[in-house]
Amino acid sequence: MLSFSYLAVAGLALLCHVSATILQNGQVRITDFKNTKIDRSAYSFTTYPRNATEISYQGRWDSQYGSWWSAPGIKFGYTGQTVAITFGNMTSPGVLVGYRIGGLDWQFTNITAGATHLLVSPDTPGSSLTSPINPWTFELRVTNWAYGVQIDAVHVAAGQKLIRLPPAARRIEVIGDSLAAGMYTSYEGLSSWAYGVGAGLGNTDYSITAYPGICAADQDCWGNPRGQVHQWFYTSDTSWRASQAFGDNPEPWDFSKQPAADLVVINIGTNDQNSHNNVSAAVYADALTKIIQGVHGKWPDAKIVVMALWLGFHQTGNSYFPDAPRGFVNEVRQTVEMFNSNEYLENPVTYDGVSKKSSRTGKKTEPFVHLFNTTGIMQHNDIGPQWHPTDVGAIKVASHLLQYIKMTFGWELEATGPEVFHETLYWNDEPGY
Ligand SMILES: *[C@@H]1O[C@H](CO)[C@@H](O)[C@H](O)[C@H]1NC(C)=O
Ligand SMILES: *[C@@H]1O[C@H](CO)[C@@H](O)[C@H](O)[C@H]1NC(C)=O
Ligand SMILES: *[C@@H]1O[C@H](CO)[C@@H](O)[C@H](O)[C@H]1NC(C)=O
Ligand SMILES: *[C@@H]1O[C@H](CO)[C@@H](O)[C@H](O)[C@H]1NC(C)=O
Ligand SMILES: *[C@@H]1O[C@H](CO)[C@@H](O)[C@H](O)[C@H]1NC(C)=O
């Protein structure tokens with residue numbers, strides 16, 4: 001049952017490249033996607049090229065300023081009350097992006113390839129507020145993993161300027177599949193638990209290298225030609241869009257483009273454990289091991305949290321129970337234990353996914369791999385009919401993980417107000433029962 005449905009789901013997402021309406025329990029959600037496209041020649045702007053140092057790129061972007069994976073974005077400070085962006089012609093037609101000023105709620109708009117969009121004007125809510133936060137900051141994120149934008153130029157009002165924001169004090173990377181990418185949540189990447197952890201920590205830059213259907217093992221899984229043990233080392237994901245853009249020569253990710261991550265959360269293996277993909281336990285454990293060694297090689301000081309996997313639920317009699325097996329439980333635990341063994345810590349190994357070489361670092365290390373057990377966080381109604389967390393399920397995973405990160409690493413939760421999950425404000429205001 002699970003494997004059949006998962007097949008239908010992941011396969012559909014990979015093959016079907018038309019945009020879909022947001023459905024909420026089968027009903028069309030009423031959305032307010034503003035039409036922000038303008039005729040650039042009718043405006044006088046101060047324009048910055050896409051490589052301006054004032055623009056901070058979040059997540060993975062290629063050498064032509066095209067975005068990849070889940071919830072990639074840009075951030076900058078600005079003066080005045082105007083921000084417009086010209087998008088390159090490699091932008092996915094109609095791609096939905098979220099954008100916001102400061103810590104206000106997200107707004108959404110569909111982007112036209114090659115067009116200029118006016119995203120902030122004096123009429124934009126929040127644009128003319130006086131604020132304790134200076135300068136005004138602008139952030140944009142792509143909602144869907146399979147689509148992307150290409151930045152061509154950023155504009156502010158004539159005579160105004162962009163301001164470079166310092167990198168956040170902390171950096172987090174999430175490596176995963178559809179579960180981390182936000183598949184089947186309302187705003188996809190911007191409703192995912194991975195985003196919720198990054199944005200919920202506050203004062204943290206985050207990058208989500210997750211793609212639906214992908215395995216840890218380097219083989220075809222649900223149409224993804226490569227696994228994370230290979231693809232994580234590359235700029236682009238395993239989408240059809242990436243194969244069109246790069247063919248067989250994707251750009252290796254230049255890890256020097258961004259500061260090292262302090263914390264890496266890995267949630268990978270749900271597709272490996274699915275019998276459809278024929279990944280043996282040994283091949284999965286080897287791939288997970290190499291991903292961890294890869295992270296340790298690129299970012300020697302990063303802490304790593306490996307998440308135990310979860311599957312769906314079924315009803316038996318008058319209650320609900322998790323589907324068994326829960327997915328490579330022993331392999332996940334044993335891999336984490338291996339990394340914490342004295343033998344390993346005395347003589348750790350790193351892996352490079354581009355050269356495919358493992359090497360001994362010859363440098364003793366402190367334990368850096370942690371296991372986050374997900375058992376008991378989600379209940380049967382936190383998983384939607386398409387076998388992925390609902391918005392509520394994603395928020396539960398994010399909340400527990402945030403608390404785990406706080407308690408394990410002493411990271412304070414610094415997002416103390418700014419809207420994180422869009423359209424999750426629902427309540428009962430009926431006092432008179
Ligand atoms: C805007 O994006 C949403 C979400 O992908 C999509 O359902 C809708 O069709 C898009 N609208 C336009 C006009 O492209
Ligand atoms: C941006 O690109 C232009 C054209 O390639 C180049 O001349 C300029 O030096 C670059 N600027 C920065 C800040 O890298
Ligand atoms: C896309 O933009 C680039 C750079 O402006 C241009 O050279 C190229 O011809 C454009 N391609 C298409 C298909 O419009
Ligand atoms: C999985 O293995 C079975 C039996 O060896 C084979 O029939 C099937 O084609 C394989 N599936 C994939 C996706 O490789
Ligand atoms: C997570 O906890 C459950 C229940 O305590 C346990 O059965 C399972 O083995 C644990 N998972 C891992 C990967 O250790």
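Order of listing sets the numbers, starting from 1, for every ligand and every atom in it. Position 1 is the first residue of the sequence; numbering continues from there. Everything numeric in this text was worked out from a predicted model, so none of it was measured.
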Any non-hydrogen atom of Asn330 lying under 4.0 Å from ligand 5?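 Judged by the 4.0 Å heavy-atom criterion, Asn330 does not count as contacting ligand 5.
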Check: Phe339 ring centroid to His296 ring centroid under 6.0 Å: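 Distance test on ring centres: not under 6.0 Å, no.
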Would you tell me which option among Asn51, Ile55, Thr53 has the nearest heavy-atom contact to atom 3 (C) of ligand 2?
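Ranked by closest heavy atom to atom 3 (C) of ligand 2, first place is Asn51.
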Check: Heavy-atom distance to atom 10 (C) of ligand 1: which of Thr109, Ile111, Asn110 wins?
Finding: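 The option holding the nearest heavy atom is Asn110.
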Tell me yes or no: between the side chains of His155 and Thr86, is some donor less than 3.5 Å from an acceptor?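 Thr86 and His155 do have a side-chain donor-acceptor pair below 3.5 Å.
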Q) To the nearest 0.1 Å, how far is atom 2 (O) of ligand 5 from its closest protein heavy atom, and which atom is that? A)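 Result: Asn373 ND2, 2.3 Å.
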Which residue and non-hydrogen atom of the protein lie closest to atom 14 (O) of ligand 5, and at what distance in Å?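 The closest heavy atom on the protein side is Arg333 NH1, 3.2 Å.
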- request: Answer yes or no: is there a donor N or O on one side and an acceptor on the other, between the side chain of Asp391 and the main chain of Ser191, under 3.5 Å?
  value: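 No.
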- Query: Any cation-pi pair here, Arg241 with Trp145, using under 6.0 Å and within 45°?
  - Reply: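 No.
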Exercise. Measure from NZ or CZ of Arg141 to the centre of the six-membered ring of Tyr206, then state whether that distance is under 6.0 Å and the direction lies within 45° of the axis.
Key: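 Flagged: Arg141 positioned over aromatic ring of Tyr206.
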Exercise. Check each heavy atom of Thr375 against ligand 5 and say whether those closer than 4.0 Å belong to the side chain, the backbone, both or neither.
Key: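 The side chain, only.
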Positive for ring pair (Phe, Tyr, Trp, His ring centres under 6.0 Å) with His388, one of Tyr184, Trp193, Trp310:
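Result: among Tyr184, Trp193, Trp310, Tyr184 is the only option passing the ring pair (Phe, Tyr, Trp, His ring centres under 6.0 Å) with His388.
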**Asked** Quick one: does atom 5 (O) of ligand 2 have a protein heavy atom under 4.0 Å from it?
**Response**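 Looking at atom 5 (O) of ligand 2, one finds that no protein heavy atom lies closer than 4.0 Å.
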